[in-house]
Amino acid sequence: MSERLAKKVLLLGWDAADWKIIQPLLEAGLMPNLERLVSVGVMGKLLSLQPMLSPMLWNSIATGKRADKHGVHGFTEPDPMGGVRAVTSTSRRCKAIWNILTQSGLRTHVLGWFASHPAEPINGVCVTNQFGLARGIAPEQPWPLPTETIYPPRLTETLAHLRVHPSTFSVQDMHPFIPEAKTIDQKEDRRLWGAAVLLAELVNMHAAATWVMENEPWDFMAICDTSIDHFCHTFMHYHPPRMEHVPEQDFRLYKDVVNGCYRFHDMLLGRLLELAGEDTTVLLCSDHGYYSDNLRPVLTPQEPGGPAVWHRPFGILVLKGPHLRKDEWIFGPPTLLDIAPTILTLFGLPIGADMDGKPLLEAFSKPVETATIPSWEMVEGECGMHPPDRRLDPAASRALLQQFVALGYIEKPDADAEKAAERAERNGRYHLAQSLLDARRPAEALPLLEELHAAEPARMLLSLTLANCYLALGRLLECRRIAEGLAWDRGAGTPALDQPHARLVPQIDLLMGMICFQEGKTEEALTHLKKVEALPQDIRHLQQELCRVYLKLRQWKEAESASNRELKIDDDNPGSHYGLAVALLNQRRNEEAAEHCLRAIALAHHMPLAHYHLGLALTRLGQDERAIQALETSLLIKPGLLNAHRLLAVLYNERDPAKAAAHRQVISVVRPPAPTPVKGPG
């Protein structure tokens with residue numbers, strides 16, 4: 001067992017929280033509690049996983065494992081009793097951090113975590129995400145607490161009395177979110193009531209959390225709040241700047257809701273930090289961000305998980321406490337998978353070798369030793385998990401299903417139980433395949449996608465996913481076959497933007513451009529990409545692909561311009577920072593190139609070529625020691641990168657001849673000299 005570095009740990013989850021919204025509020029002094037937290041800790045962007053569906057992501061945060069290991073593959077799953085049910089705490093096939101800590105004898109509380117119902121019998125208090133659920137109730141409708149929402153049962157009556165009904169909020173109470181609330185005709189416009197429902201759910205979970213913090217001893221406490229995500233799905237359309245399709249009156253009424261939600265969260269954060277005390281290590285994170293600028297989608301795909309198109313791949317991370325750095329930024333960035341291993345490290349517990357994440361050692365103020373065990377699943381003893389065949393209360397499952405339908409994440413389940421179960425099972429396999437692709441395991445995703453595509457050949461986004469899987473595997477003929485099948489007859493003209501196929505038109509040409517590029521047909525690739533560029537809308541990653549083509553054509557200025565256009569659309573695109581760096585290097589603008597290599601690495605550390613080109617730029621700038629560090633890092637990620645070996649052989653030639661010889665040896669083994677030709681007779 002390693003040294004315990006934290007007396008207590010408070011894990012706060014703000015679903016969909018995003019620095020792009022938070023930063024202006026911090027600068028304006030409107031989130032003072034978060035400002036105090038980041039000033040004494042480390043902060044950074046937290047890279048999400050694909051697909052960006054909250055049940056999958058929050059279970060990855062809790063376990064340090066991807067979906068193929070933890071078993072939660074979406075919002076719903078087939079019900080063993082027939083039909084479909086919401087994912088539950090029994091859907092998770094492995095131990096969450098609170099199960100591991102329970103098994104380790106630590107007093108542990110968890111509140112509001114996604115897919116935590118029915119409450120698990122952990123060594124502490126469990127309040128599930130059903131506790132504050134107020135979706136679908138009428139103003140005067142009774143509001144019974146679902147069974148098994150709270151463990152231990154002795155706290156059920158006490159905590160249930162803390163809940164407030166949305167109807168208890170007055171119009172005046174809603175003014176911080178909607179300053180002109182009193183002008184709304186609530187018979188015609190139900191959005192004010194919708195905001196009150198979301199506020200009630202937020203307040204109720206906070207009330208339960210503060211009561212538990214005040215009245216129950218604890219070593220670890222996890223509180224997950226989904227209201228930022230829910231407020232954004234309802235009101236981000238109205239957030240400044242005004243989107244073209246949003247009426248002026250709606251914009252005037254609802255433009256302050258999202259900022260109001262964040263500011264209210266800051267108020268609640270202040271109380272949680274006060275109750276936690278100065279000696280508690282605090283970790284605040286989100287499972288993904290949320291588009292709030294020019295990248296907000298005009299159309300939301302009308303299929304399961306479609307609203308996730310609004311989710312931005314970078315969430316937030318703040319970590320403060322003893323033994324941690326202060327007022328610093330973590331680069332990399334870390335991922336959701338790193339949260340659970342970091343918590344284990346804070347408690348001096350070993351990390352499971354089967355976890356996909358790693359502890360955030362760079363956040364600590366001193367070197368930290370960690371230990372590993374093969375798997376926490378092999379450790380015997382009571383951990384507070386339900387048996388996998390545990391039956392969920394049908395009423396609770398219906399309530400969760402209604403919430404997911406209302407948010408647009410799932411379709412209303414088919415009345416035919418068998419068909420509903422089949423659809424849930426297919427959606428789960430599709431999400432699992434996306435997760436495997438995100439893990440760079442396309443060979444494992446392929447059989448799932450091929451089977452799904454055979455069953456639903458008309459499902460367009462599924463077809464694109466399969467095509468991209470083929471592309472990742474270098475199977476260009478199959479990829480082209482699907483892309484050409486999607487490239488429907490354009491003779492009838494371009495479809496209207498509100499037609500489902502319209503949103504696929506740019507993706508098809510973008511895909512065709514990528515196929516042609518890999519086939520070595522650079523000019524043909526450019527033709528396809530130019531078609532997309534001519535469309536009157538910003539397409540993410542288009543300019544990044546154009547940059548690749550221009551680099552291949554050695555058109556450095558055009559590559560630079562394409563990268564700058566992409567970064568104007570999305571400054572958090574590591575590929576475009578890298579492409580710009582290469583374009584600048586070829587123009588001998590080495591200092592600028594180094595800067596963009598560093599930006600790329602900060603957004604996506606595992607980019608070996610970005611580290612290599614950083615080393616090249618630093619070599620040209622005469623910063624050889626830093627260049628050696630960058631080049632060695634590139635080889636840690638990709639040992640066979642010959643150009644890095646060549647440059648290191650040169651840099652080490654006088655400093656360390658043995659190392660220079662070792663790098664030359666690698667080059668000779670990988671690419672041995674051509675044999676001397678044998679002459680024939682005569």
Side-chain angles (χ1 to χ4, degrees), residues 1-2 4 6 8-11 13 49 54-74 77 87-129 148 151-152 218-224 283 285 287 335-360 370-392 432 435 439:
M1 189 169 179
S2 304
R4 180 167 171 170
K8 299 164 72 173
V9 175
L10 174 61
L11 172 62
L49 308 173
S54 291
M56 301 175 71
L57 302 179
W58 285 111
N59 275 282
S60 286
I61 290 173
T63 63
K65 298 178 180 180
R66 290 183 180 269
D68 62 305
K69 293 179 182 177
H70 65 57
V72 176
H73 299 157
E77 62 189 8
V87 291
T88 73
S89 54
T90 66
S91 306
R92 194 183 69 248
R93 295 197 301 254
C94 61
K95 295 171 185 174
I97 187 68
W98 48 85
N99 302 121
I100 295 172
L101 298 181
T102 285
Q103 202 163 20
S104 303
L106 296 172
R107 188 72 172 169
T108 300
H109 308 318
V110 56
L111 296 94
W113 212 266
F114 226 118
S116 60
H117 196 89
E120 291 182 279
I122 57 176
N123 181 28
V125 177
C126 182
V127 179
T128 78
N129 53 324
E148 298 185 282
Y151 179 86
W218 56 282
D219 298 295
F220 173 75
M221 188 158 184
I223 308 167
C224 179
L283 199 163
C285 66
D287 57 334
T335 78
L336 308 186
L337 299 165
D338 301 332
I339 301 300
T342 300
I343 293 169
L344 290 174
T345 300
L346 287 165
F347 281 115
L349 294 171
I351 299 156
D354 58 341
M355 289 182 169
D356 296 311
K358 63 185 188 308
L360 298 172
T370 61
T372 60
I373 58 174
S375 174
W376 277 97
E377 309 311 312
M378 299 166 62
V379 178
E380 296 182 355
E382 180 54 48
C383 68
M385 288 184 74
H386 290 302
D389 58 351
R390 178 74 169 73
R391 174 79 170 136
L392 177 64
L432 175 58
S435 177

Take H117 and N129 through the side chain to side chain contact (heavy atoms under 4.5 Å, CB included) test and state the conclusion after the steps.
-> CA-CA 7 Å; H117 196 89; N129 53 324; 4.1 Å; yes
Write down the atom of C383, the atom of K95, and the distance for their closest heavy-atom approach.
-> SG-CE, 4.0 Å
Heavy-atom closest contact (S54 atom, D287 atom, distance) = OG-OD2, 3.2 Å
Interatomic distance, M56 atom CE to L432 atom CG [nearest 0.5 angstrom] = 7.0 Å
Look up atom CG in L337 and atom OG1 in T342, then write down how far apart they are to the nearest 0.5 Å.
-> 11.0 Å
With side chains defined as the heavy atoms from C-beta onward, is the minimum distance between S89 and P118 less than 4.5 Å?
-> yes
For W376, the ring pair (Phe, Tyr, Trp, His ring centres under 6.0 Å) test, sequence neighbours excluded, returns none
Which of these, R66, H70, K69, sits in a side chain to side chain donor-acceptor pair (under 3.5 Å) with S60?
-> H70
Measure from the side-chain N and O atoms of T102 to the backbone N and O of N123, and report whether any donor-acceptor pair falls under 3.5 Å.
-> yes
For the residue pair F220 and L101, establish whether any side-chain heavy-atom pair is separated by less than 4.5 Å.
-> yes
Atom CD1 of I373 and atom CG of L349: how far apart are they, to the nearest 0.5 Å?
-> 8.5 Å
Do you know which two heavy atoms are closest between A6 and V9, and how far apart they sit?
-> CB-CG2, 3.7 Å
Test side chain to side chain contact (heavy atoms under 4.5 Å, CB included) applied to L10 and I223, step by step = CA-CA 8 Å; L10 174 61; I223 308 167; 4.1 Å; yes
Can you measure from CH2 (W98) to OG1 (T108) and round to the nearest 0.5 angstrom?
-> 10.5 Å
Stepwise side chain to side chain contact (heavy atoms under 4.5 Å, CB included) check, L283 with L11 | CA-CA 5 Å; L283 199 163; L11 172 62; 3.7 Å; yes
Charged N-O contact under 4.0 Å between R107 and D219 = no
Kindly indicate, with the supporting measurements, whether the criterion side chain to side chain contact (heavy atoms under 4.5 Å, CB included) is fulfilled by F347 and S104.
-> CA-CA 10 Å; F347 281 115; S104 303; over 6 Å; no
Distance (rounded to the nearest 0.5 Å) between T345 OG1 and I351 CD1 | 3.5 Å
Rounded to the nearest 0.5 Å, how far apart are CD1 of I122 and CD of E382?
-> 11.0 Å
Non-hydrogen atoms of P359 and T370 that approach each other most closely | CG-CG2, 4.1 Å
Side-chain touch L57/L49, heavy atoms, less than 4.5 angstrom = yes
Not counting sequence neighbours, which residues clear side chain to side chain contact (heavy atoms under 4.5 Å, CB included) with S91? List them please.
-> V72, E77, V87, T88
Any E120 side-chain heavy atom under 4.5 Å of Y151 side chain | no
Looking only at heavy atoms, which two atoms of W58 and G13 are closest? And how far apart?
-> CH2-CA, 3.5 Å
Sequence neighbours excluded, which residues qualify as side chain to side chain donor-acceptor pair (under 3.5 Å) partners of K65?
-> D354, E377
For P341 and G64, work out which heavy atoms get closest and say how close.
-> CD-CA, 4.3 Å
With the side chain counted from C-beta on, respond yes when V125 and M221 share a heavy-atom pair under 4.5 Å apart, and no when they do not.
-> no
